[in-house]
Every structure is written in C-alpha cells, then in structure tokens.
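Heads up, the thing below is written out as structure tokens.
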Amino acid sequence: MEFVKMEGLGNDFVVLEGPLTLGRDEVALICDRRRGVGADGVLVVERLGPQRVGMVYWNADGGAAEMCGNGLRCVARFALDRGWSDGGPFSVETPVGPRQAMIEGEDVTVELGPVEVAGTPVSLAGLELVPVAVGNPHAVAFVPDPAVASVAAQGGVVENDELFPGGTNVEFATVRDPENIELRVWERGVGETLACGSGAAAAVAVARRRGEVGDRVTVHLPGGPLLVELRGDTAWLTGPAKTVYRGALPD
C-alpha cells in the first residue's frame with residue numbers, strides 16, 4: 001500500500017489514498033516512530049468528484065479524530081499534487097462537515113470551521129482552562145511563558161480527566177501583542193506536537209474574547225508560524241504543507 005509522508009509546520013502525517021478502512025492497532029503501528037513510518041496521525045483522502053475530496057483522520061494512538069487543522073492543509077496539498085484540484089477553492093468533506101480550501105504558492109488556506117468558546121473556565125492540574133470546540137475538543141490555558149510550561153505533565157492530566165469524557169487537546173498560550181500569540185500544544189492521543197492548527201484557532205478565539213487580540217493573529221508554534229483569521233466565529237488557517245517522502249507499507 002503506497003503512502004505519502006507529509007508535514008505542516010512539523011505536524012506530520014502518513015497520507016493514504018482511499019476509500020480505505022483502518023483498524024486502531026494498524027494506525028498505531030503506522031505511526032510508531034520506531035516500528036512503523038512514524039507520524040502524529042494518519043490521513044485517508046478520497047476523490048469524491050471535481051474539486052471535491054473526502055478526509056478521515058486518526059491520531060497516533062489509533063483513535064479517530066473529528067478534525068485536524070494541519071492535516072486539512074496537508075489534504076489540500078495532496079489533492080493538488082494528485083491533480084484532483086487546480087488549487088482554486090475546492091471542498092474537503094470531513095466528519096464535521098465540508099470545509100473550503102485553496103492554495104497559492106507555498107501557502108495553503110483552509111476553512112477550519114466554527115469555533116465555540118465555553119463561557120465558564122475550569123480549574124484543573126494547576127491551570128485555569130477554557131473549553132473550546134473547533135470540530136474537536138480543546139482546553140486553553142494562558143501561562144506566563146509556554147517555553148517553560150509543564151506541557152507533558154499538566155497536558156496529560158487534563159487530557160484524561162473525567163471533565164473531558166472523550167479526552168481533549170490542551171493549549172498553553174501567551175499573548176505577546178494584539179497580533180501575536182506563542183503556543184505549545186498537548187494533542188489528544190499523540191502527546192506534544194510541533195504544531196496544531198485547531199489548537200491555534202482555539203487559543204486565538206479565547207484571546208479575542210478576552211479583548212487581547214484582533215481577528216487576524218500569527219500563532220508562533222515550535223514548528224513555525226501559522227496565520228489564524230477569525231471571520232465572525234469561523235476560523236481560517238494559512239500556512240505551508242508539503243510532502244516529505246513517498247513509500248510503501250507492507251501488505
């Protein structure tokens with residue numbers, strides 16, 4: 001089975017052409033960085049028609065995820081490389097509904113979808129967390145400096161707490177000025193990753209509600225900068241996505 005290894009700001013994926021059904025153990029083995037290809041997740045992309053593709057995503061532990069912002073950008077690049085899209089506006093069907101995508105040069109812009117910020121923060125693992133839904137679950141904490149935050153220790157506790165029955169992604173954010181946020185993310189079913197598109201959108205949405213940023217913010221992640229635009233309550237992401245290498249999985 002042929003695959004493409006792709007990455008968006010260091011958030012890396014094994015991309016397979018569908019239709020295809022994978023088991024949890026199979027996904028986990030593919031993502032194993034010692035015994036498999038190694039990745040933060042697996043994407044299956046299927047051509048559905050002119051300017052229209054389908055996307056299904058699994059986290060590295062084999063659990064299915066509703067949405068992945070960097071994965072969505074990699075899917076858009078994959079579709080262009082396959083000749084399924086001309087790079088102009090086209091539709092990606094996801095488990096949470098259709099999303100628009102477009103490509104200009106190295107930049108891929110995608111419609112991440114609605115961002116819903118909860119009204120009441122929760123205290124957990126020494127953090128004040130704001131739950132956010134971006135098609136998938138997030139909990140955003142503002143910290144003095146993400147570089148020295150206890151991402152693994154606190155993120156792992158929050159991810160698996162009973163307050164989040166399906167698990168959650170956890171953001172450690174600092175607003176530097178109205179146009180810039182620094183961010184590290186603990187991803188549900190993966191651990192800390194170099195970038196998280198939906199996590200970036202969640203952090204910007206909470207910071208905007210707090211009156212600390214505007215509608216257009218550059219989020220600085222360990223893997224690089226990602227532009228987040230909030231058009232009303234809908235988030236759009238712009239950043240690079242590229243192929244790393246191609247290969248084949250054993251039968």
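Keep in mind that what you see is a predicted model, and the values were worked out from it rather than measured. Quick note: numbers below take in every heavy atom, side chains included, and nothing from hydrogens, waters or symmetry partners.
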Check the surroundings of atom [atom1] in [X]: do more than 12 heavy atoms from other residues, nucleotides or ligands lie under 6.0 Å from it?
| X | atom1 | answer |
| --- | --- | --- |
| Arg216 | CZ | no |
| Asp233 | CG | no |
| Glu128 | CD | yes |
| Arg35 | CZ | no |
| Asp25 | CG | no |

ask   = Does the separation of the ring centres of Phe78 and Trp84 fall below 6.0 angstrom?
value =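 Yes, the ring centres sit under 6.0 Å apart.
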request  = Verify, without hydrogens or angle tests, whether Asn59 (side chain) and Arg188 (backbone) share a donor-acceptor contact under 3.5 angstrom.
outcome  =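 At least one qualifying donor-acceptor pair exists.
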ask   = Donor-acceptor pair, Asn70 side chain versus Leu9 backbone, under 3.5 Å?
value =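 No: the side chain of Asn70 does not pair with the backbone of Leu9.
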Classify the side-chain pair [X]/[Y] by whether it contains a donor and acceptor separated by less than 3.5 Å.
| X | Y | value |
| --- | --- | --- |
| Thr168 | His138 | no |
| Asp86 | Gln51 | yes |
| Asn11 | Thr193 | no |

Shortest non-hydrogen contact from Ser91 toward Gln100 =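 The pair with the smallest heavy-atom distance is CB-NE2, 3.8 Å.
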message = Go through it in stages, so that I can follow the logic: the residues are Lys5 and Val14, the test is side chain to side chain contact (heavy atoms under 4.5 Å, CB included), and I'd like the CA-CA distance, side-chain angles, deciding distance and then a yes or no.
response = CA-CA 5 Å; Lys5 181 72 181 288; Val14 172; 4.3 Å; yes
query = Salt bridge between Arg184 and Asp145, side-chain N to carboxylate O under 4.0 Å?
reply =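 Answer for the salt bridge query: no.
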ask   = Is the shortest distance from a Lys or Arg side-chain nitrogen in Arg33 or Asp40 to a carboxylate oxygen in the other one below 4.0 Å?
value =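 Looking at Asp40 together with Arg33, the answer is yes, because their closest N to O distance falls below 4.0 Å.
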From CG (Leu16) to CD1 (Ile30), nearest 0.5 Å =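 Atom-to-atom, Leu16:CG and Ile30:CD1 are 5.5 Å apart.
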request  = Can you measure from CD (Glu46) to CD (Glu93) and round to the nearest 0.5 angstrom?
outcome  =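 Answer rounded to 0.5 Å: 10.5 Å.
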